[in-house]
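First the structure, in the form of structure tokens, and then the observations on it.
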Amino acid sequence: MEHETVNRWESCPFSARGWIWLALFLIVGAVPLCMYLRIVPISADVQEFWTGQTETFDFFSFYRARWTVLLAAVGLFGFLNLERSQSRSGYSFLLGIYAFFIVASTAFSERPWQAVDGAPGRYEGTAVLLAYVIIAYLALSQARCPTFSRKLLGATLAGGLIVCLVGLAQFLNHDPFRTLQGKHLVMPASAHNQVKSLEFNVTNGFIYGTLPNPNYTGSYITIIMAITFGGVWLGRGKWRWTLLPLHFLAYINWFGCRSRAGLLGGGLAIIFLLLMGRSRWRENLKLAGILFLSYVTIFFWMDYISLKTPNSHRLLDNFFSRPSHRMPIANDFKDLILATDSFDLVYSGSLMHCDYKKGNFEFRNQAGNVVTYELDGQQAKFPKNEFFGFTVAIATESKVVQITRLENTISLIHTKQGFMFIDDRMRPVRFRKVPKYGFEGREQWGTMRGFAWSRSLPLMWDALLMGYGPDMFLFHFPQDDYLEKLRAGIPLFMRFDKPHNMFLQIGINTGGLSLLAVLILFGKYLLQSVLIFWRARFEDAHEIYGVCIAAAIGGYLAAGMFNDSSLSVAPVFWALLGAGIGINMKLAERTSAVVGQPLVSGDSVE
């Protein structure tokens, strides 16, 4: 049976199969490396939801989106010209449901054309999401070929090697993208006059590789850690010693990106591999000792380097110090009450009351006494010990008062409708009550994930049937929840373009039903993986490929509880998911066809 399968695959026309393989290998190996400046103009209607800038400088997403869609189309072209006898499966059906809701949510979106391309800086719109589905299906269809999985993993690790080498240089404070040559490499000639002003906003010693955010680096390195650890633990001979240096390099990046989500995902992936490969514990006792001592040595070496790096954060503190869940400003600010001709600004232990009378602002303290002031230009000078810590500026003619305390500046204007808040577009707006669920007083938890999740859950409820459209989170999240941002200590005009949770992201953008289909897809695959690999002996290469991919997928999904889908990592994830499903189907068929017989494969584990 195996020889028939091999012959059938080898007889496939290279022109068709070659296009599929080339596209998939470039997706997993080259797309994460794609980093090049594109200055993207922002339309007037989008500026309202964005930062107000007329253009964005995009290094990480614009071209990745285009290449992902193009390569998926190339692979699909090859697939359509391939003589195939692929039978339908439940996995294909679930991918089809997800694709349907991607298209449907776009059609019913308030901004369908924007949904096709995606939000500024992300570009994970309809075309890209459909490309993910195509990538997964193509990899699933090709996984039956004896050599495909090995080559796909090889391409993934080749890209991972380059990312990890860049990350090592960044950890040692020699970021290639901060050098003149590195900046020229990622910028077109027309932008070279801006090279000196270009700075990536990353703390010294933090690893981001070629990805836009260290958290995304954590998700990506989780995949590399899982594949390399699985190869080291379950492989033998050249497998083990070839992958070991890359595994240690990935380990440096794993900790150096400082992503707790990445640590969670990578840790769970390693635990999964140890459980599935428990038959190798006795055989690998010496290897386990080498790995443990190496991990400890590398970690403390990294901690020492982080101490010596100027303007860096100590590695040990990043993971073992207890972070504050709320900023000082959140405990200080209590309320801002706007009335027709007055407002009350309430902080812990202090209150500022202001009346607008006959074209002038009159201030009262907590005791209700009038506080006189003098204007030095537009700045109000109060008597000593009155309104300590406040800086007040008054524009009498425009009826504007601006109050600064600690890190927050609040601008208010008196209008015919009463006092109103001035937003970042210089427009008078009223505070509104925003639906929220949970995380009361814990909005700062998980680097403001508490705030994002508590406002995303009501959106999820409204999108149970049909989502708002691919990558439309930016346009529907309550960015104008200014009063609660003040209470939570969150920058007033900070924009949330993602919920910091992959599953909330899917549910809000493409709908709850699409999320259900995807969860069934992931759950079915992971459950099948456990059932297959729990009994596996890992003497067959495809069993090793399959369990490594399953660990990578599980680790990525665990990190996805705190990270979003991103063009930098998601194409790799969907390609490996498709390949993992295909390998599982192949192993399940062979096991049922030859019960109790050794599995025969075209690959060797030696």
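The first residue of the sequence shown is numbered 1, and numbering continues consecutively from there. These numbers come from the heavy atoms of this one structure, side chains and all, not from hydrogens, waters or symmetry mates.
Atoms CD1 and CG, on Ile102 and Leu95 in that order, are 9.5 Å from each other to the nearest 0.5 Å. Distance CG/Asn215 to SG/Cys257: 7.5 Å, rounded to 0.5 Å. Distance check: Leu152 CG to Cys145 SG gives 11.5 Å after rounding to the nearest 0.5 Å. Atom OG of Ser109 is separated from atom CE of Met466 by 11.0 Å, given to the nearest 0.5 angstrom. In this structure, the separation between OG on Ser259 and CD1 on Ile207 is 11.5 Å, given to the nearest 0.5 Å. Taken from OH in Tyr251 to CG in Leu246, the straight-line distance is 15.5 Å, to the nearest 0.5 Å.
Tyr36 does not carry Arg38 over the face of its six-membered ring by the limits of under 6.0 Å from the centre and within 45° of the normal. Figure legend: Arg17 and Trp21 shown as a cation-pi pair, the cationic atom lying under 6.0 angstrom from the six-membered ring centre and within 45 degrees of its axis.
Using a distance-only test at 3.5 Å, with no hydrogens or angles considered, a donor-acceptor pair links the side chain of Arg64 to the main chain of Val31. Of the possible polar contacts, none joining the Gln142 side chain to the Ile20 backbone as a donor-acceptor pair under 3.5 Å is found. Looking at Ser312, its side chain never comes within 3.5 Å of a backbone N or O of Thr309 through a donor-acceptor pair. Listed for the Tyr525 side chain is no donor-acceptor partner under 3.5 Å among the backbone atoms of Ile553. The main-chain N or O of Lys498 is never found under 3.5 Å from a side-chain atom of Gln505 such that the two would form a donor-acceptor pair. The closest donor-acceptor contact from the side chain of Gln114 to the backbone of Met472 lies at 3.5 Å or more, if one exists at all. Checking side-chain atoms of Asp117 against main-chain N and O of Tyr123 turns up no donor-acceptor pair under 3.5 Å. Judged by distance alone, the side chain of Asn563 and the main-chain N or O of Tyr216 form no donor-acceptor pair under 3.5 Å. Here the side chain of Trp67 pairs no donor or acceptor atom with the backbone of Cys34 at under 3.5 angstrom. Asp564 places no side-chain N or O within donor-acceptor distance of the main-chain N or O of Gly560, the cut-off being under 3.5 Å.
The shortest distance between side-chain heavy atoms of Met585 and Leu140 falls below 4.5 Å. At a threshold of 4.5 Å between non-hydrogen side-chain atoms, the residues Thr68 and Ile27 do not count as touching. For the pair Phe206 and Gln170, the minimum side-chain heavy-atom distance is 4.5 Å or more. Looking only at side-chain heavy atoms (C-beta outward), Phe473 and Ser456 come within less than 4.5 Å of each other. Taking the side chain as every heavy atom from C-beta outward, Val46 and Phe475 approach each other to under 4.5 Å. Taking 4.5 Å as the limit, every side-chain heavy atom of Leu71 sits out of range of all side-chain heavy atoms of Ile135. Between Asn501 and Phe562, the closest side-chain pair of non-hydrogen atoms is not below 4.5 Å. With a 4.5 Å cut-off on side-chain heavy atoms, Pro176 and Val166 count as touching.
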**Asked** Can you list the steps and then say if Asp480 with Arg432 is a salt bridge (Lys or Arg N to Asp or Glu O under 4.0 Å)?
**Response** CA-CA 8 Å; Asp480 58 347; Arg432 68 183 182 97; 2.8 Å; yes
Derivation and outcome, side-chain contact (heavy atoms from CB on, under 4.5 Å), residues Leu315 and Arg258
CA-CA 8 Å; Leu315 183 67; Arg258 322 289 180 107; 3.6 Å; yes
- Message: For Asn311 and Asn204: C-alpha separation, side-chain torsions, deciding distance, then whether side-chain contact (heavy atoms from CB on, under 4.5 Å) applies.
- Response: CA-CA 6 Å; Asn311 302 318; Asn204 287 349; 3.8 Å; yes
message: Using side-chain contact (heavy atoms from CB on, under 4.5 Å), reason through Asp462 and Tyr468 one step at a time and then give a plain yes or no.
response: CA-CA 9 Å; Asp462 294 336; Tyr468 292 101; 3.3 Å; yes
Leu515 and Phe101: side-chain contact (heavy atoms from CB on, under 4.5 Å), yes or no, with the steps?
CA-CA 9 Å; Leu515 175 61; Phe101 280 104; over 6 Å; no
**Prompt:** Does the pair Phe522 and Phe573 meet the rule for a ring pair (Phe, Tyr, Trp, His ring centres under 6.0 Å), with working shown?
**Reply:** CA-CA 12 Å; Phe522 296 157; Phe573 164 77; 5.7 Å; yes
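With no hydrogens or angles considered, a side-chain donor-acceptor pair links Ser565 and Glu124 at under 3.5 Å. Ser529 and Asn584 form a side-chain donor-acceptor contact under 3.5 Å, judged by distance and modelled atom types alone. Donor-acceptor pairing under 3.5 Å is lacking for the side chains of Ser105 and Thr510.
Heavy atoms only, all atoms of each residue included: Ala452 and His500 are closest at CB-CD2, 4.3 Å. Smallest separation of non-hydrogen atoms from Ala575 and Ala139: O-CB, 3.2 Å. Scanning all heavy atoms of the two residues, the minimum distance from Leu211 to Pro32 falls at CD1-O, 4.5 Å. When all heavy atoms of Ser566 and Pro212 are compared, the pair lying nearest together is OG-CG, 4.5 Å. The two residues Ala488 and Glu443 make their nearest non-hydrogen contact at CB-CB, 3.6 Å. Considering all non-hydrogen atoms of both residues, Ile583 and Ser149 come closest at CD1-OG, 3.2 Å.
Ring centers of Tyr91 and Tyr137: at least 6.0 Å apart, outside the cut-off. For an aromatic pair to be called close, the ring centres must be under 6.0 Å apart, and Phe451 with Phe496 satisfies this.
Between His247 and Phe229, the angle of the ring planes lies from 30° to 60°, which puts this pair in the tilted group. Between Trp574 and Tyr98, the ring-plane angle classifies as parallel under the 30° and 60° cut-offs. Using bins of under 30°, 30° to 60° and over 60° for the plane-to-plane angle, the ring pair Phe177/Tyr208 lands in the tilted bin.
Partner of Trp453 under the ring pair (Phe, Tyr, Trp, His ring centres under 6.0 Å) criterion, out of Trp445, Tyr437, Phe477: Trp445 alone.
Annotation for Phe493: atom CZ counts as buried by contact number, over 12 foreign heavy atoms lying within 6.0 Å.
The pair Arg427-Asp423 counts as a salt bridge, with a side-chain nitrogen and a carboxylate oxygen less than 4.0 angstrom apart. Between Asp58 and Arg122, no side-chain nitrogen of the basic residue sits less than 4.0 Å from a carboxylate oxygen of the acidic one, so the salt-bridge criterion is not met. Taking the charged nitrogens against the carboxylate oxygens, Glu484 and Arg455 do have a contact shorter than 4.0 Å, which makes a salt bridge.
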